[in-house]
Amino acid sequence: MSQDALLEPLSELDLLNKYLGVRSVLYAREGHPLWIVNCCGQGDTRSALRCASWVREQQENDPTQILRTLNLAVDEPTMTALERDLDPYQSEAVNVLGSLEQSLDRVLRTIGSSPAFVTLDPLIGGGVRIDSLARLISRRGRRTELLLRLDASSLEILFDTAPEERLDQLIGSSLWRRLWREGEQLANLTRISVLYRACLQRRGYSHARKIALRDQPLGAPQTQLLFATRSQSAVVLMSDLVCRYRRQESEDAPPRPDELSDRVCRFGADLGTASTNQILRGLSGELFGQFTTQEYREAISRLLTRGTIVGPDRESLTDEDPLSFNSSTQMALFDTAAVL
């Protein structure tokens, strides 16, 4: 896989404006900068330059925003290119020689306790041990979020060349030895991706989700994009963004509204009482990328109108208002749907 592809999702999904821009507003209120950590490949300055330019634009539009980029160069020529191309952005960007694995202590000192959004392919260029990613999220008080890209071809090369013990360290489990099958490139990618997400979750990234990219052109490298965080609010925002992205050019019909209403009822009935925010946070991880935030709100509004759940009037409802569910909630939903 081309190293230039590592940051393509930031453009393809418009994560800079629609995700990181929103998150940075929250962090600015707390007085902490948001660090965007780019693991640059050989000769790759495009990603770092794009992020630094975006950071400057954000801060010019809103001086209260505090954003920085940290770019890791895998070799001396890449470091030289970074320093040349990012010279106009010295106040926005810090450049460090070495991979994330090699430079982890320096990275931790630089970002301190501030939130960080890290982009990388953890299984190429020598790879990054999953326990190193665990050190990032174990920092006290701040959030770490990962955007990880796994590529089928690069994965196959790694498994053909790296010692088994090293693969154990990168993935975080020896179970891959039973999952890997020769000649099954895409199936291997899927199996390893599922195992890798489970290992991330065991190390503190309680939400590790696959972002389904649109169909790729024939002949393009098959990839999987993973998002990992322990923030429920982050999952709500990313789930909404991914859902909208997938539907932009999709010919698939969106899920039926009553399918979501049913899930809301089942979730709420288990709790007895739940607010809109609790429903969003509880279901966005489970139904990641399937529904927009607006569709959750519309489902709640329909249920209030039907009397299936009890709460304030729709016009005065806030995200923190309690909504009452009971043991008859789900049956009431089916009865109402049947009448409709």
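FYI, side chains are in, hydrogens and waters are out, and symmetry mates aren't considered; it's all heavy atoms of this structure. All values reported here derive from a predicted model rather than from experimental measurement.
Taking CD from Gln90 and CG from Leu86, the interatomic distance works out to 9.5 Å, rounded to the nearest 0.5 Å. Here the CD-CD distance, from Glu259 to Glu295, works out to 11.0 Å after rounding to the nearest 0.5 Å. Atom CG of residue Asp321 and atom OG of residue Ser324 lie 11.0 Å apart, to the nearest 0.5 angstrom. Note that the CD atom of Glu92 and the OG1 atom of Thr69 stand 7.5 Å from one another [nearest 0.5 Å].
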Ser206 vs Gln201, test: side chain to side chain donor-acceptor pair (under 3.5 Å). Steps then yes/no. CA-CA 5 Å; Ser206 49; Gln201 290 177 171; over 6 Å; no

- Message: I'd like to know whether Thr144 forms a side chain to side chain donor-acceptor pair (under 3.5 Å) with Arg139, so could you lay out the CA-CA distance, the side-chain angles of the two residues, the decisive distance to 0.1 Å, and finally the verdict.
- Response: CA-CA 8 Å; Thr144 300; Arg139 296 176 300 131; 2.7 Å; yes

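Thr229 and Arg143 share no donor-acceptor pair across their side chains, judged by distance under 3.5 Å alone. Inspection of the Gln222 and Asp151 side chains reveals no N or O donor paired with an N or O acceptor under 3.5 Å.
A parallel orientation is assigned to the rings of Phe288 and Phe227, their planes being inclined by less than 30° (bins at 30° and 60°). The aromatic rings of Tyr296 and Phe291 lie perpendicular to each other, with more than 60° between the two planes, well past the 30° mark.
You'll find the side chain of Asn17 reaches within 4.5 Å of the side chain of Trp54, heavy atoms only. Annotation: side chain of Ile66 is not in contact with side chain of His32 (no heavy-atom distance under 4.5 Å). Side-chain contact between Gln65 and Leu34 is absent, with no heavy-atom pair separated by less than 4.5 Å. Contact of the Ile130 side chain with the Arg203 side chain is registered, since non-hydrogen atoms from C-beta on lie closer than 4.5 Å. Between Val118 and Leu136 there is a side-chain heavy-atom pair separated by less than 4.5 Å. Taking 4.5 Å as the limit, some side-chain heavy atom of Leu155 sits within range of a side-chain heavy atom of Leu123. At a threshold of 4.5 Å between non-hydrogen side-chain atoms, the residues Leu179 and Asn188 do not count as touching. For the pair Ser275/Leu323, no side-chain contact is recorded, criterion being any heavy-atom separation below 4.5 Å from C-beta on.
Gln59 places a side-chain N or O within 3.5 Å of a backbone atom of Leu67 that can act as its donor or acceptor partner. Between the side chain of Ser24 and the backbone N or O of Gly21, at least one donor-acceptor pair lies under 3.5 Å. Formation of a donor-acceptor pair under 3.5 Å by the Ser132 side chain with backbone atoms of Val128 is not found in this model. No donor-acceptor pair under 3.5 Å is formed between the side chain of Arg149 and the backbone N or O of Thr119. With hydrogens and angles ignored, the 3.5 Å screen pairs no side-chain donor or acceptor of Asp258 with any backbone N or O of Ser261.
Ion pairing between Lys18 and Asp240 fails under the 4.0 Å rule for side-chain N and carboxylate O. One finds no salt bridge joining Glu165 and Arg129 here, because no Lys/Arg side-chain nitrogen approaches an Asp/Glu carboxylate oxygen to under 4.0 Å. A salt bridge is absent between Arg50 and Asp14: the closest approach of a Lys/Arg side-chain nitrogen to an acidic carboxylate oxygen does not fall below 4.0 angstrom. In this structure, Asp262 pairs ionically with Arg266, as a charged nitrogen and a carboxylate oxygen lie closer than 4.0 Å. Here Arg297 pairs with Asp319 in a salt bridge; the nearest charged N to carboxylate O distance falls below 4.0 Å.
Nearest approach of Thr276 to Thr318, heavy atoms of both residues: OG1-O, 4.1 Å. Of all the heavy atoms in Asn38 and Ala48, the pair that sits closest is ND2-CA, 3.8 Å. Of all the heavy atoms in Ser239 and Leu287, the pair that sits closest is OG-O, 4.1 Å. Pro33 and Arg68 get closest at one heavy-atom pair: CB-CG, 4.4 Å. In this structure, Ser99 and Leu72 approach most closely via the heavy-atom pair C-CD1, 4.2 Å. The nearest pair of heavy atoms linking Ser233 to Arg23 is CB-NH1, 4.2 Å.
Residue Leu133 is not grouped with residue Val194 when hydrophobic side chains (ILVMFWY) are merged at heavy-atom distances under 4.5 angstrom, including chains of intermediate members. By the rule that hydrophobic residues join a cluster once side-chain heavy atoms approach within less than 4.5 Å of another member, Ile157 and Tyr196 end up as members of separate clusters. Grouping the Ile, Leu, Val, Met, Phe, Trp and Tyr side chains by contacts below 4.5 angstrom, directly or via other members, places Phe159 with Leu148.
If you look at Trp35 and Phe117, their ring centroids are not closer than 6.0 Å.
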